[in-house]
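On a predicted model such as this, the values are computed, not experimentally measured, just so you know. So you know, we letter chains A, B, ... as the sequences are listed, proteins then strands, and number each from 1.
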2 protein chains.
Amino acid sequence: MTDEASTPETEVLSLLPSRLRTARRDKGLSLDAVAKLSGVSRSMVSQIERGESSPTIATLWNLTRALQVDFAGLLEGVDEPAGIEVLRNANVPLIANAGQGCSIRILSPPEEVGRHEVYDIRFQDSGILDSAPHKRGAREHLTVISGNVRIKAGDKVEMLGPGDTARYPVDQPHTISAEAGPAQVFLVVQDA
Amino acid sequence: MTDEASTPETEVLSLLPSRLRTARRDKGLSLDAVAKLSGVSRSMVSQIERGESSPTIATLWNLTRALQVDFAGLLEGVDEPAGIEVLRNANVPLIANAGQGCSIRILSPPEEVGRHEVYDIRFQDSGILDSAPHKRGAREHLTVISGNVRIKAGDKVEMLGPGDTARYPVDQPHTISAEAGPAQVFLVVQDA
DNA sequence: GAGGAAAATCCAAAATACCGGATTTCTGTT
DNA sequence: AACAGAAATCCGGTATTTTGGATTTTCCTC
């Protein structure tokens, strides 16, 4: 798959992989199960769900049959929820065991994975979060709420204090760490 | 493209080619023009429109942008018109200069081209309509309204009188002609 | 009908989707 | 921790899509 620039127009396409994966998981099906149901191989289903290959409409059609999702609807843009969506503090999903001395709160809905992910990250003193490279074109937008933070992206390093914001490409290894005392940051990951 | 049997489920897919071609022609665009607009090669557009290849969704997406058609809508089944559709006699599109001594009235809507075309054909005495082979699997269903008609499909020949009906494959050259005096026939072309 | 320009199709090379088995990752159990 | 079983990813080879240019067809104009 040629890695197309993600202009606003192509956003529907880049949304498709996560939608398929979500649909499958919601039904509690394994890749293997879907493969048998649809006649599409495990590997293909996996690649498609990871956005590593652009299926032919014939293949996609077979998948929609197996997953019992609406073909037309799959390609439609997200319909913004009508009213105000509220995610209460107490209900925020939490990743406790990422990195060392840090906990990650997931603020964006599963549908948005891969497009626009929002996290609230809390570091203990000297807490550190190491991340593997995401796919080319992905960027992170980070704002410090409190504390002092050190950002390392590739071979570049920056120090940030409260209120500071950094944006950087993450198609390379990158690290966020609290420097003197605990810290809290807001992180937006684009096009991961 | 693996030639999938056209079970009811796959019919949406087989509808896509003609829809694309119709959309392009309605805009008065050439293959070349669409190619330049969409970034998809002439050849590909041609193959897709003829149903000879199953495009990837990326390719199809680019085409829909160029043709300004709704991606989602393209794959949806035809929604049967709500009430009763009436096509008045006076408004029936006419092909006057096909064959010799015959005129063709087109009774089916443009959307249906390639699936299910209906014609009312009038022959003068000794009128004749010669047709090139359609694609494999295509069949014609012909009923004689009045007069006497001679059908030739490949190397088979049949004579039909008023009320007679013939069905025959048309993936081969075929000819319809009026034998003694004028004639009128009803013709349904399937999967052309 | 002959000639010429535009449009559609054909063709061989390149890129990419697709498959099935091997490998790795994940998850829960002793 | 180590293991077992399941699930997902990786990796070859094959089939299909995709492309750019050559060829054929269509359709005007003279």
Side-chain angles (χ1 to χ4, degrees), chain A residues 1-4 13 16-18 20-67 95-98 113-114 132-136, chain B residues 1-4 10 13-14 16-18 20-67 95-98 113-114 130-136 173 192:
Chain A
M1 172 181 177
T2 7
D3 211 42
E4 193 70 21
L13 281 191
L16 186 126
S18 46
L20 285 174
R21 174 151 288 189
T22 302
R24 178 171 62 84
R25 294 235 156 108
D26 283 356
K27 284 199 160 350
L29 295 171
S30 68
L31 285 178
D32 205 38
V34 174
K36 284 186 175 61
L37 278 174
S38 64
V40 179
S41 71
R42 292 161 281 268
S43 335
M44 238 316 94
V45 181
S46 178
Q47 285 188 48
I48 293 171
E49 286 187 351
R50 282 176 291 143
E52 292 192 356
S53 122
S54 173
T56 63
I57 55 169
T59 302
L60 185 55
W61 174 261
N62 290 332
L63 279 180
T64 60
R65 298 276 309 159
L67 293 171
I95 307 176
N97 50 351
V113 166
H134 301 150
K135 84 170 185 214
R136 170 133 191 98
Chain B
M1 171 182 177
T2 7
D3 209 48
E4 192 69 22
T10 52
L13 283 191
S14 57
L16 186 125
S18 46
L20 286 174
R21 173 150 289 188
T22 301
R24 178 172 63 83
R25 294 235 157 108
D26 282 356
K27 285 200 158 353
L29 295 171
S30 69
L31 284 178
D32 204 38
V34 174
K36 284 185 175 62
L37 277 174
S38 64
V40 178
S41 70
R42 295 162 277 282
S43 335
M44 236 315 91
V45 181
S46 178
Q47 285 188 51
I48 293 172
E49 287 187 351
R50 281 177 290 143
E52 293 192 354
S53 115
S54 171
T56 62
I57 56 169
T59 302
L60 186 55
W61 173 261
N62 291 332
L63 278 180
T64 60
R65 298 282 308 162
L67 293 171
I95 306 176
N97 49 352
V113 166
D130 241 307
S131 305
H134 299 150
K135 84 171 187 215
R136 169 138 191 95

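Side-chain N/O atoms of Thr59(B) include one lying less than 4.0 angstrom from OP1 or OP2 on dT18(D). For dA7(D), neither phosphate oxygen OP1 nor OP2 lies less than 4.0 angstrom from any side-chain nitrogen or oxygen of Arg24(A). Distances shorter than 4.0 Å separate none of the side-chain N or O atoms of Thr56(B) from OP1 or OP2 on dT17(D). Note on Arg25(A): a side-chain N or O is less than 4.0 Å away from OP1 or OP2 of dA8(D). Listed pair Arg42(B) / dA6(C) fails the phosphate criterion, with no side-chain N or O lying under 4.0 Å from OP1 or OP2. Contact annotation: Ser43(B) side-chain N/O to dT18(D) OP1/OP2 distance is not under 4.0 Å.
As rounded to whole Å, 12 Å separates atom C1' of dT18(D) from atom CG of Asn62(B). Between Leu31(B) atom CG and dT9(C) atom P the separation is 6 Å, expressed in whole Å. Taking atom CG of Asp32(A) as the reference point, atom C1' of dG21(C) lies 12 Å away to the nearest angstrom. Look at CD on Gln47(B): it is 13 Å from P on dT16(D), rounded to the nearest Å. For the pair Leu60(B) CG and dA17(C) P, the computed distance is 15 Å after rounding to whole Å. We find that CE of Met44(B) is positioned 13 Å from C1' of dA17(C), with the value rounded to whole Å. Separating the CD atom of Glu52(A) from the C1' atom of dA15(C) is a distance of 16 Å, rounded to the nearest angstrom. Regarding Leu20(A), its CG atom lies at a distance of 14 Å from the P atom of dA8(D), rounded to whole Å.
The residue among Leu29(B) and Ile57(A) whose nearest nucleotide of DNA chain C is located toward the 5' end is Leu29(B). Between Ser46(B) and Ser41(A), the one whose closest nucleotide on DNA chain C sits nearer the 5' end is Ser46(B).
Scanning all heavy atoms of the two residues, the minimum distance from Asp32(B) to Arg42(B) falls at OD1-NH1, 2.7 Å.
In this model, a donor atom of one side chain and an acceptor atom of the other lie less than 3.5 Å apart for Arg50(A) and Ser46(A).
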**Message:** Please determine whether side chain to side chain contact (heavy atoms under 4.5 Å, CB included) holds for the pair Val34(A) and Leu63(A), giving the CA-CA distance in whole Å, both sets of side-chain angles, and the decisive distance to 0.1 Å.
**Reply:** CA-CA 8 Å; Val34(A) 174; Leu63(A) 279 180; 3.8 Å; yes
